[in-house]
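Residue numbering restarts at 1 for every chain, and letters A, B, ... go by the order of the sequence lines. Hydrogens, waters and symmetry mates are skipped; everything else that's a heavy atom, side chains included, is used.
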Amino acid sequence: MHQYLYLIPALPLLGFLILSLAGKHLHKRVIAWIGAGTIGAAALITILLGIEFLQSPPASGAYTQLLWNWFSAGQLSVAVSITADALTLVFIFVITFVGALIHIYSTAFMRRDRDYARFFASMNLFVCSMLVLVMADNLVLLYLGWEGVGLCSYLLIGFWYETPANCHAANKAFYITRIGDTAMAIGLFLLFKELGSLHIATIIEQAPKHFEAGDTHITLIALLLLAGGIGKSAQLPLQTWLPDAMAGPSPVSALIHAATMVTAGVYLIARMHTLFQLSPVSMTVVAVIGALTLFIAGCSAMVQTDIKRILAYSTISQIGYMFLALGVGAWSAAIFHFFTHAFFKALLFLAAGAVIEALHHEHNIFKMGGLKNSMRVVFLTFLAGAASLAALPLVTAGFFSKDPILWYAWGAANGNPFLWILAIAGAFITAFYSTRLMLVVFWGERKTPVGDHPGKWMTVPLVILGIGSVAAGFIEWPHNLVHFTLFSEQVQKVLPAVVLKQNLPSELIFQGIAALVTFAGLYTGYVLYYSNKGILEGWRQSAALLAIRNFLLGGWGFDDLYHALFVQPFLFITRINKKDVFDRLYNGIAQANININRLLSLTQNGSLRWYIAGVLLGILFIITMQLL
Amino acid sequence: MNELQFEALLPFIVLAAASMAVILLIAFRMSHTVIQVAAFLMACLVIFAMWYVKDTLPQSVPPLFVVDGFGALFTGMIIFSMMAVGLFSYIYFEEREENPKEYYILLFLATLGAATLTISTHFISLFIGLEVLSVSLYALIAYLRNRNNAVESGMKYLVLAAVSSAFLLFGMALIYMETGSMEFERIAQSIKESSSSVLFSMGFGIMVVAIGFKLALVPFHLWAADVYQGAPSPVTAFIATVSKIGVFAVLLRFAQSVNLPQYPLVISIFSVIAMASMIVGNLLALRQQNIKRLMGYSSIAHFGYLLVAFLPGNAAGVEAAAFYLLAYSITLLAVFGVISVLSTRMKDAEDLVIYKGLFHKQPILTAVLSICFLSLAGIPLTAGFIAKFFILASGVQQNLWLPVLVLVITSVIGLYYYLRVISTLFAASSSTGTTAKTLHPFFYISTYIALIVMMLLLFWLGIFPGRAVEGIREFLLIR
Amino acid sequence: MPSFTVHTVLIVSAVLFVLGLIGVLTRKNVIFMLISVEIMLNAAGLAFVAAGAKWQQPDGQVMFLFILAMAAAEVSIGLALVLQIYHQHKTLDVENITALKDEAVDEMV
Amino acid sequence: MILVWLIAILLIGGTLCWLLAQWNKVFPKWIALCATVAGLVLMVWLCLQYKNSGDGAGSEWFINYRLSWIPAFGISFHLALDGLSLVLLLLTFFLGILSVLCSWNEIKEKHGFYFFNLLWTLAGICGVFVAMDLFLFYFFWEVMLVPMYFLISIWGDTNRRYASYKFFLFTQAGGLLMLLSILALYFIHAQQTGIYSFDYFDLLHTSPGASTAKWIMMGFLFAFMVKLPVVPFHSWLPDAHSEAPTAGSLILAGLLLKTGAYGIIRFVLTLFPQQAQAFGWWAMLLGAIGILYGAFLAFAQTDLKRLIAYTSVSHMGFVLLGIFAFNEIAMQGVIMQILTHGISTGALFVMAGMLKERLHTRDINQMGGLWTAMPFMGGAAMLFTMASLGLPMLGNFIAEFLILIGAFSASAALTVLATLGLIFSACYALRMMQKVFLGPATVTAPLKDMNVREWVMMSALTIGIIVLGLFPQPVIDMVKGVVGALVD
Amino acid sequence: MNLLFYISSFVAVAATILAITRFHPVHALLYLVVSFLAAAMIFLSLGTPFIAVLEVIVYAGAIIVLFIFVVMMLNLGKDTALQEKNWLRPKVWAGPCLLVLILLVEMIVLLLNAPDVTMHITVVDPRKVSLSLFGEYIIALELVGFLLMAGIVGAAHIGKQKKKILHRFLN
């Protein structure tokens, strides 16, 4: 199967080409088949490839396919070459499989949209780019995918471009991720300068020989790459774009802004783990950023009213967990959390999309309610997703993936109690807002009549994903419970295993605490939003609490801060210099010439006497010159 | 005077005789057309005579003249310019004056004066040549005496020319006092021998007034625009070409004879004058709305450029100057030819407004005019570029960085007003149509042909200047 | 025979020359201007004659003769112009004969 | 001889256009199209020949044609072709065809004269790319100027006179200083060897004193920097670009600016290697400033063509940065940038022209939501906007990436500064996209999407930019010899 | 004879000053005649009797008469004098005079810088002048003929008065 590796990104690309060039003239059904079909085919190939990989792993640990030499100038030689090792396969699987489900969902979800073809074209292009990102065997190609997904994200956030707000959101997403990308590009330059290559395998191999641990250069490189990851993955301090990015259609949020693209940063760091390992400082930075982000975003998620924004902040927060895991060196845990997160978060977005569509594009959760019975399938799947998000112990995938992270946050060699505290606080918050979401949306009285019920093309993906959100966790059990570790076994072919501290308390204690915290979160949510709503009413009276609420609602004021700090000065500079100061300089020169012309014109006054005076001045000048 | 000398002077004698012949023709009450044709034939005769004497050069006619390649070259340019001016004069004067015939006498006489200058080697011939030229010009400038501007410009020119002649004479007298001779060669010898040259340099300094006046160099330039505007267009062309070629030729000859560039003082005076001319000329023209005045200002600047070629005092400089004069006179003649053609009996076509959108009405004239202005601006494919290039080359060769830089900067400024004219030509058309003329088509056709030939000449000189440069070099070697 | 120094003669002619120049510069009547020009020419002629005398050559005198002729020709045309000017302008005041000059440019074509 | 033909085709074609325009108004278009297509065919054939002759074989000159011109001054009609020239000529004819096509319906009057000017500009540009005699180079340098001036001043927009003056005066000022430098070099060479020659290969071995060489180099550099344009001297560009007719903007952005880059590569670097090296840091600084400054100004503009024009300033900053980094990677990037910027910005200008044709305005505040009416144009615009901000897969990315990665080893700090340009390029590009094609629809009049002719043009440009983005190696190989020789 | 030179020089300068300061044209011309006569005396003292005679005949005679003729013809009298009188205020003449005087001083300083040579005057008689004139300078003489012809033709053309003074298209 591996000789068809190239088909995995090529099929979506083909879909994109057909749809973008001929989309206008195709029937919607054809479009749907092409759009979803290509991804589905890619998913099929991936699954077959995965089976082949598991059965007979390649000697080098990766399938590699050289497509063509991209460019080589001087010592820089870059090939369009794709590779698939265990890490990549995880990502490919998520991208194609979840992607295919989302595509299928979209065929129904977008059925009324005028730009049906454009949507699928963009989605296919996105899948293609994302696949290129994860399959690239060198950083330039990775960067291609990296920017490609950025473009698609931009296109899809602004899919309904006629609303200016959507365009602004799209632009914002592009700008902010571009900042990270630029830092990453600088990182690539530095990397190339130091190592003379951008081939990932070469870098991984050469870096330990070339750099000493803690070298300034390697730290710098790692931090710059990290900046790229932060931008893409919406981590502190570049997280502000993601909540706004919810302006796009729900499948887009599911695919791009939950399951795949936003985890590109995780992929990058995991992929370049050697560099990070060489730089303890950068590892710490990754962990701290992850921990802070998960907490800050989680807090914001607690008070949001827009269903998609809740999920968006939740996504930021969950990716924070992944970063935390990466930062403490729990590589496979991070990837595993990515894996499960893809399922349940995609599910949540899709379900939310179904709810929103059913309620006539109502986003505010407090105008929903009581959907438990009227939207049965959606409710059940949403429940599965929310439970997984809240990491309900043992029965959900989220538990299996989040629990190790909590454990390693303390227990890994790089771990630290403070990180753990933040992570555990995050777990509480997560459980709380999951409960809040569920209770407000599905319980209580009905506030908006239900319109369209989702059809089977929408529910089937939901169900599959729902199953995934529960079952995906079973491929990796904690060591101390069942010790079934299929996932980490595979991933650890690529990524190093986590190093634990000495003399740790039992893991079970931590699991217990985590479970307790989760339940505490659930209970708090239950109390505040179901059993005793009066408390909340009481809090609403307090100005201080309201201020805090608004502060959290606005995402901790980052937007305002950046607006004042960067956007305003930039706009100011561009506005005052719209007319180009240099233009003024040259116009000044021209004006000076004209003024001299005016002065000289005065000498041409037509008076003969004056002209003779000119002669006199001339001769005076000449004679004076001779005297001197 | 032996036969060879006589032969050498033949072109000049024919020129003089031509003026007499015109008088005779007038006496026999011949029509304008006849006189025009006869004048043309006589001009051809002059050229024929020059061809005839070509092999006898160089021929010295002591003490006044030497007819050498240098003289022949500049005389050739003068005769050529005169023929062009004569051609344009017909259509210009035919509809203005009942009596345009004396004009041709004066034209021949002025040409004779200018031509005499080119072969002068003596103050007396210099002076007489200059005065024949000037006196004829007074009359030519004021020829359309019923137009107020004509007499005004004639009067201005006359008074200023007379003052400058007085300066010239005074300067000559001082030099004569110092050296005891008025012959260039002997002056040179005498200075070489004598210890002091105070009177000489003072005398030359005073003479510069006259030269500067004739060449319209700053600060003796103030007349230029007024006279250019007031004089009839063909006469303006004549002043701009023939009189300046003559004066510049004699300046070059004198400078070479007494080796002026050895005097740092002279060089510094001339470089100041050159730079001032370039700057003032170009800046004055910047917003000028009258195309004849504009040409006046531009000529100030151009002779400033020309002085940069004069400054080094080497062979390359002389070649450059000769080529520049050639290119410049062709260009100017074509410009004034177009102005003459467009002039109506009411008014000369001097306001730029008249030229607005000319491209739509008169594509050929527009093409000629724009090529001319591009040439003046020194844009490649035209002679003006090669000419400017040669001048820059001779300046750079002698490390005259300051004048050369000023040249470059001012020619950029100058570009502006040339472009202004060109873009006016191609602007959207204005409604005023030119009145149809009712003249003999032969003269129209010949004028157009002449203009087109001049345009092609500009191209030829601009693209294949090699032959012309070689020719100039060959001529200059005959001495 | 008398003998002067070069300086003396030249200074005399220079003074005459400069007086002529003052005349041209200060007067505004065309006729006075022409008169002053004649003074200048005469001064230049004086210098020539003196130079000829210094070298005991006839050249200076010949030059004077030519200056004389030139002055005559110039004056004749000059006076003809004066007549025309007077007929057309009814004045000989050069300050009033300034139709030809740079005009203020407001709008450029 | 083939090079002479190449130029002659354009010159003769141009003249025919003018002469035959009286006869039939349609003739000029077709003649111009035929001439440019013939040129392109010739170029493609030459390319194949070049490939077969074993490309990248050092700095060997593929074609070297020499004819005496003005022997008195040692001036010869010397044309030569190497990989660099070949690539640039290809671009010239490619954009040449497009410029003819995009003028197809835009020009309403004076067809003959228009196409005359168009073809003569192209001829001048061709000449610049192959002239190997410095005098001849200067000659062509100016020849391309005059017809361009006419294109702007006759067929331009409302403010065309101002723009055309500015364009002409700036370039002429630079050109004349270059002429002085050429002359100085010529005389120094003559002093040293006794041979008067303007030939590039002769002057290559001239070694003026260090300080003299610095000044002479400055003369050259000034001319090229004005043309490129580098920031303090860029002031002519926005005006010229925005006022010119579409084809004019296309040629200006696509080709004319490239002559500046070509000049620096061909003359400054080879004639004054040490001095150029010494100036390198400052030039890179100017490049970096240009990138940022251009981007800032582009962001502020409301005039679509002006906006695009300022992006050119920004992009040309990369060129300067890359050239003076003095290494092979950056230099390759520069050549890629020359090509890709020609295509991408050219395409944007073509697009602006199409919009102008439909909406009769260049003000982006009066546009918006055009995607709905013109999805294909919107798609194309998106593509080229993305190209402009350096999205991978498209050619500009290769160029900018190579330049930056190459420049990084020369000066890390300046490269970082320049890389920030990527952020700001996103700002202006997306703003343009949003103002024009996205947002609520403001134009109520029915708009036609691209017609067949426009389709052909945009497809050609699209294919060009994508092919350069995915398969840039042939170009890199073609100029490898030249670049290798340069950075040694 | 030296004395003659100095006296006549003084007279010439004085008469010239008077000539350029008179308001009435005829007065000025008469002073000019005096100045020319004094110049003739200078020529005499310089040993050039021929020129002295020509100065009297042509300059003081013919040319001045021409002037007077024109003055009379145009009837320039009191009006002109008044006009000039009103015009010639110190404000007007002081500036030019100052500049010209500076010029004079500079010229004199320069002249004094030149080596001083005593001229030994011998009479160069008309015969010698004529021989020179009709010998080596014969072509110049002929050219002067053309010069005068130009003057005559020009004066004849310009001096012609048309009946209509206005330009024809004005009526």
Checklist line | Derivation and outcome, side-chain contact (heavy atoms from CB on, under 4.5 Å), residues C:Tyr86 and E:Asn75 | finding: CA-CA 11 Å; C:Tyr86 194 76; E:Asn75 199 14; over 6 Å; no
Check: Is there a side-chain contact (heavy atoms from CB on, under 4.5 Å) between E:Leu147 and E:Leu143 once you walk through the steps?
Finding: CA-CA 6 Å; E:Leu147 171 66; E:Leu143 277 171; over 6 Å; no
Next item on the list: Report the C-alpha distance between E:Met41 and E:Leu37 in whole Å, list the side-chain angles of each, state the deciding distance to 0.1 Å, and finish with yes or no for side-chain contact (heavy atoms from CB on, under 4.5 Å).
Entry: CA-CA 6 Å; E:Met41 295 309 284; E:Leu37 289 178; 5.9 Å; no
Check: Under the side-chain contact (heavy atoms from CB on, under 4.5 Å) criterion, do C:Leu79 and E:Phe69 qualify, and how do the steps go?
Finding: CA-CA 10 Å; C:Leu79 290 176; E:Phe69 177 72; over 6 Å; no
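Aromatic ring pairs are classed by plane angle as parallel below 30°, tilted from 30° to 60° and perpendicular above 60°; the pair C:Phe64 and E:Phe43 is perpendicular.
The NZ atom of C:Lys28 lies 6.5 Å from the CG atom of C:Asn96; values are rounded to the nearest 0.5 Å. Atom CG of E:Leu101 and atom CD of E:Glu106 lie 11.5 Å apart (nearest 0.5 Å).
C:Ile67 and C:Gly45 make their closest contact through CD1-CA, 3.8 Å (heavy atoms, listed as atom of the first residue, atom of the second, distance). Nearest approach of C:Arg27 to E:Ala19, heavy atoms of both residues: NH1-O, 4.3 Å. Taking each heavy atom of E:Ala52 and E:Ala40 in turn, the nearest pair found is CB-O, 3.4 Å. The heavy-atom pair separating C:Ile77 from E:Gly154 by the smallest distance is CD1-CA, 4.1 Å. Between E:Glu55 and E:Ala39 the shortest heavy-atom distance is OE2-CB, 3.6 Å. Summarising the geometry of C:Ala50 relative to C:Val9, their closest heavy-atom pair is CB-CG1, 3.1 Å, with the distance given to 0.1 Å.
For C:Glu95, the part lying near chain E is the side chain, with the backbone staying farther off; criterion is any non-hydrogen pair under 4.5 Å. If you measure heavy-atom distances from E:Ser130 to chain C, you find no contacts under 4.5 Å at all. In this structure, no portion of E:Met149 lies under 4.5 Å from any heavy atom of chain C. E:Pro115 touches chain C through its backbone: at least one of N, CA, C or O sits under 4.5 Å from a heavy atom, while the side chain does not. For E:Ile42, the part lying under 4.5 angstrom from a heavy atom of chain C is the side chain only. Heavy-atom distances place the side chain of E:Ile108, and not its backbone, under 4.5 Å from chain C. Of the two parts of C:Leu92, only the side chain, counted from C-beta on, holds a non-hydrogen atom closer than 4.5 Å to a non-hydrogen atom of chain E. With a threshold of 4.5 angstrom between heavy atoms, C:Ser36 approaches chain E through side-chain atoms but not through N, CA, C or O.
For the options E:Tyr59, E:Trp93, E:Phe10, E:Phe36, heavy-atom pairs under 4.5 Å to chain C are most numerous at E:Tyr59. Among E:Leu99, E:Leu103, E:Leu141, the residue making the largest number of heavy-atom pairs under 4.5 Å with chain C is E:Leu141. Of all the listed residues (C:Ile22, C:Asp93, C:Leu19), the one sharing the greatest number of non-hydrogen pairs under 4.5 Å with chain E is C:Leu19. Between chain C and the residues E:Ile152, E:Val92, E:Leu112, E:Leu148, the most heavy-atom pairs under 4.5 angstrom are made by E:Leu112. With chain C as the partner, the residue from E:Leu32, E:Leu104, E:Val144 showing the most heavy-atom pairs under 4.5 Å is E:Leu104. In terms of non-hydrogen atom pairs under 4.5 Å with chain C, the most contact-rich of E:Leu54, E:Leu74, E:Thr16, E:Val70 is E:Leu74. By number of non-hydrogen pairs under 4.5 angstrom with chain E, the leading residue of C:Thr8, C:Val18, C:Leu25, C:Leu10 is C:Val18. Comparing C:Val12, C:Val24, C:Asn42 by how many heavy-atom pairs each has under 4.5 Å with chain E, the most go to C:Asn42. In terms of non-hydrogen atom pairs under 4.5 Å with chain C, the most contact-rich of E:Ala28, E:Ala150, E:Ala114, E:Ser35 is E:Ala114.
Residues from residues 60-68 of chain E that place a non-hydrogen atom less than 4.5 Å from a non-hydrogen atom of chain C comprise E:Ile63, E:Leu66, E:Phe67, given in numerical order.
With 3.5 Å as the limit, one finds no donor-acceptor pair spanning the side chains of E:Gln83 and C:Asn29.
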